Amino acid sequence: MPKLRPLGSSGLFTPALVFGGNVFGWTLQTPQAFDVLDRFTEAGGTMIDTADVYSAWVPGHVGGESETVIGDWLKRRGRRDDVLIATKVGMLPIDGPKPLDPELIARHVEASLNRLQTDYIDLYYAHQDDPDTPMDEVLHAFSELVDAGKVKALGASNFSAERLGQSLEMSAARGWAAYSVLQPEFNLIRRHRFAGALRDLCIEKNIGVLSYFGLASGFLTGKYRSKADIAKSARGDRMTAYFTEPHMALLGVMDDIAAQTGASLSQISLAWIAAQPGITAPIASATSIKQLDELLGSLTLELSAEQLARLDAAEIQAGA
């Protein structure tokens, strides 16, 4: 079984890979979704990441589709205590300009619990910052969920270093449950999203970090090398911005390391993230057991110092 890493001060532990549930109810339907989740947990995976907004962007969807699939899987499985469920609130289009209003948080957590068919959420995130709702109201609302036993730990996603720091200070001053996990975008070509003051704050305050878009929507798998490859997946239209000389040079470095190690580009990408200071684990999704098994291979891949340095330099050249 893979080694578990502590998720900051949250009291939670995960291997260096979290399963991204954004695909459930979108590009991965049941019963195949159940098979993938079974394989993930059998291989030692512990945390499944989702959000109430997944997958509201799909025509005819309203959000909550991913949570519903996970809830049905938990019910069929008949066991809850060996998996960690992380979900988020604050990005549903229907919520308007104040998505973290305390009344919305209270209503949406109940909806998530119902869809997940559980009486507690292991990790509950503010999906994005809400500068239009007073910070004390937001933090108090989240802390009350912990006090009520509905949530075990709190997280912040897409927060700046300044706002996260202010939130931590206020929670400490009021004696409230505080954010103990951050979820930023971070990968070989988006390194700046978790760097400098934000990373330093997380290390200083023992904030666990679970990064999303670890494979840059699939670009870092290496299967998108030209515009002709865009049709390969539902996310292909996101690849156009990456078809530049520096990004192709990055793939070239990854190809060299793949030849040295026998690892795939996906495994190299995730292993690089997991080796970065302050990072607990990357989040990545799969739509088949074959894809998942490839991702799981990142858990046993140890890149050398020279290989990590080459990736760092190539990433910088790619403009991240």
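It should be emphasised that the depicted structure is a prediction, and the values quoted were computed from it without experimental measurement.
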Pairing of D81 and R79 as salt bridge, 4.0 angstrom limit: yes
Carboxylate-amine/guanidinium contact R76 D38, below 4.0 Å: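 Yes, charged N to carboxylate O under 4.0 Å.
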Plane angle bin for F186 and F194 - parallel if under 30°, tilted between 30 and 60°, otherwise perpendicular: perpendicular
Short side-chain donor-acceptor distance under 3.5 Å, Q183 and N158: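 The answer is no; no qualifying pair exists.
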Qualifying residues under salt bridge (Lys or Arg N to Asp or Glu O under 4.0 Å), relative to D136, sequence neighbours excluded: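 Result, salt bridge (Lys or Arg N to Asp or Glu O under 4.0 Å) vs D136: none returned.
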Sequence-distant partners of R163, salt bridge (Lys or Arg N to Asp or Glu O under 4.0 Å), two or more places apart: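 Here the qualifying residues are D129.
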Hey, could you give me the [atom1]/[atom2] distance between [X] and [Y], rounded to the nearest 0.5 Å?
X    : Y    : atom1 : atom2 : answer
S285 : L295 : OG    : CG    : 8.0 Å
Y212 : E185 : OH    : CD    : 5.0 Å
W272 : L308 : CH2   : CG    : 9.0 Å

Joint hydrophobic cluster, L7 plus L4, side-chain heavy atoms closer than 4.5 Å: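 Shared cluster, no.
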Heavy atoms from other residues, nucleotides or ligands near CD of E302 exceed 12 (cutoff 6.0 Å):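 Result for CD/E302: open.
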In residues 139-150, what donor-acceptor pairs under 3.5 Å come from side-chain atoms, sequence neighbours left out?
{"residue": "S143", "atom": "OG", "partner": "A177", "partner atom": "N", "Å": "2.9"}
{"residue": "K150", "atom": "NZ", "partner": "E110", "partner atom": "OE2", "Å": "2.4"}

Side chain proximity check, L168 to Y179, heavy atoms < 4.5 angstrom: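 Contact flag for L168/Y179 side chains = yes.
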Pair Y224 + F219: ring centers closer than 6.0 Å: no
Contacts of S298 that satisfy side chain to side chain contact (heavy atoms under 4.5 Å, CB included) - sequence neighbours left out: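 For S298, the residues satisfying side chain to side chain contact (heavy atoms under 4.5 Å, CB included) (neighbours in sequence not counted) are Q267, L270.
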Quiz: residues 92-100 side-chain donor-acceptor pairs under 3.5 angstrom, not counting sequence neighbours:
{"residue": "D95", "atom": "OD1", "partner": "H108", "partner atom": "NE2", "Å": "2.9"}
{"residue": "D95", "atom": "OD2", "partner": "H108", "partner atom": "NE2", "Å": "3.1"}

Identified ring pair (Phe, Tyr, Trp, His ring centres under 6.0 Å) partner of F24 from the options Y54, F19, W73: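 For F24, the ring pair (Phe, Tyr, Trp, His ring centres under 6.0 Å) test succeeds with only one of Y54, F19, W73, which is F19.
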Could you go through residues 169-176 and list every donor-acceptor pair under 3.5 Å that involves a side-chain atom there, pairing it with any protein atom two or more places apart or in another chain?
{"residue": "S171", "atom": "OG", "partner": "S167", "partner atom": "O", "Å": "3.2"}

Minimum heavy-atom distance T14-T280, with the two atoms named: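 Minimum heavy-atom separation between T14 and T280: CG2-CG2, 4.0 Å.
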